[in-house]
Amino acid sequence: MKTSGYFFLAGIFFFIPVGIVYGFLTNFEEWVGFPALVLLGLMTGMIGYYFNKHAKLSDALPEDNNDGEIADRAGIYGQFTPWSWWPLMLGTGVAIGFAGLAIGWWVFYIGLGAVAVGVIGWAFELNRGSYRH
């Protein structure tokens, strides 16, 4: 956890100077790049601060051990459904939604409905049928 925190804190020293240089190169007339890069640096700083603060309160992770092996992190990570078609539905809905930004808002709303169906279906797929628990 501490290593991850240091990686994220390094983002402050990269993204903020790059954002300032970008602002000078565009004479601060471009309203997206400069604030986005500075905010990206601040967000990585917040995540790094959280990781370092949380590392002091929790036990050391196997990734923080310099002599650690890959097998130290082995175990069950969760329950996944390889037969699921819901991620395809969700991806299709997102693609339709982004196409709707270029075509028209009515297409965007169709994609939004498909995304809602995909998220609900994916969240509840293990609660129905022969795979329920």
Side-chain angles (χ1 to χ4, degrees):
M1 184 77 75
K2 191 173 282 284
T3 305
S4 302
Y6 290 139
F7 275 118
F8 276 102
L9 284 174
I12 293 173
F13 302 109
F14 176 75
F15 290 114
I16 292 178
V18 167
I20 292 170
V21 168
Y22 183 81
F24 279 114
L25 290 176
T26 60
N27 293 325
F28 295 97
E29 292 177 358
E30 203 268 317
W31 287 95
V32 176
F34 169 69
L37 286 168
V38 170
L39 289 174
L40 183 62
L42 294 175
M43 285 189 295
T44 58
M46 288 190 304
I47 294 170
Y49 174 76
Y50 172 78
F51 280 171
N52 282 337
K53 193 73 163 169
H54 193 272
K56 293 177 185 174
L57 301 174
S58 64
D59 297 332
L61 295 176
E63 297 90 49
D64 294 329
N65 185 4
N66 290 333
D67 298 326
E69 297 291 329
I70 294 174
D72 293 342
R73 192 64 173 164
I76 297 173
Y77 287 106
Q79 181 177 0
F80 302 102
T81 52
W83 60 84
S84 178
W85 286 88
W86 292 110
L88 181 63
M89 177 71 181
L90 186 61
T92 303
V94 169
I96 291 171
F98 276 112
L101 294 176
I103 297 170
W105 284 104
W106 64 275
V107 178
F108 175 78
Y109 293 127
I110 293 171
L112 192 64
V115 165
V117 169
V119 166
I120 292 170
W122 201 3
F124 291 109
E125 73 179 334
L126 293 177
N127 293 329
R128 56 187 284 280
S130 61
Y131 301 108
R132 70 174 169 241
H133 56 280

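We count residues from 1, following the sequence as given. Please read these numbers as outputs of a predicted model, since none were measured by experiment.
Contact between Ser4 and Phe51 at its shortest, heavy atoms only, is CB-CD1, 3.7 Å. In plain terms, the two heavy atoms of Ala114 and Gly93 that are nearest each other are CB-CA, 3.6 Å. Taking every heavy atom of both residues into account, Ile20 and Phe34 meet most closely at CA-CE1, 4.1 Å. The minimum heavy-atom distance linking Pro17 with Ile12 is given by the pair CD-O, 3.5 Å. The heavy-atom pair separating Ile16 from Leu42 by the smallest distance is CD1-CD2, 4.1 Å.
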**OP:** Any chance you could lay out the side chain to side chain contact (heavy atoms under 4.5 Å, CB included) test for Met89 and Trp122, step after step, and finish with the verdict?
**Re:** CA-CA 9 Å; Met89 177 71 181; Trp122 201 3; over 6 Å; no

Subject >> Trace of the ring-ring contact (aromatic ring centres under 6.0 Å, His included) decision for Phe108 with Trp105 >> reply: CA-CA 5 Å; Phe108 175 78; Trp105 284 104; 5.3 Å; yes

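Under a cut-off of 6.0 angstrom, the local environment of CZ in Phe28 is crowded, with over 12 non-hydrogen atoms contributed by other residues, nucleotides or ligands. The neighbour count for Ile70 CD1, taken as heavy atoms of other residues, nucleotides or ligands under 6.0 Å away, does not exceed 12.
Going from atom OG1 of Thr3 over to atom CG of Asn66 covers 7.5 Å, rounded to the nearest 0.5 Å. A distance of 11.5 Å separates CE in Met46 from CZ in Phe8, rounded to the nearest 0.5 Å. Separating the CE atom in Met43 from the CZ atom in Phe15 is a distance of 9.5 Å, to the nearest 0.5 Å.
Following chains of ILVMFWY side-chain contacts shorter than 4.5 Å, one can reach Ile96 starting from Ile103, so the two form part of one hydrophobic cluster. Put simply, Tyr109 and Val115 are part of the same group of oily side chains (I, L, V, M, F, W, Y) that touch within less than 4.5 Å, one to the next.
Applying the side-chain contact (heavy atoms from CB on, under 4.5 Å) rule to Phe98 yields the partners Val94, Leu101; only residues at least two apart in sequence or on another chain are considered. With sequence neighbours left out, the side-chain hydrogen bond (donor to acceptor under 3.5 Å, both in side chains) criterion links Ser84 to Glu125. Under the side-chain contact (heavy atoms from CB on, under 4.5 Å) criterion, Leu88 pairs with Trp85, Thr92, sequence neighbours left out.
Side chains of Trp86 and Val117 form a contact here, defined as non-hydrogen atoms less than 4.5 Å apart.
Between Tyr50 and His54, the ring planes are tilted. Angles from 30° to 60° get that label.
None of Leu37, Leu40, Val38 except one satisfies the side chain to side chain contact (heavy atoms under 4.5 Å, CB included) rule with Val18; the exception is Leu37.
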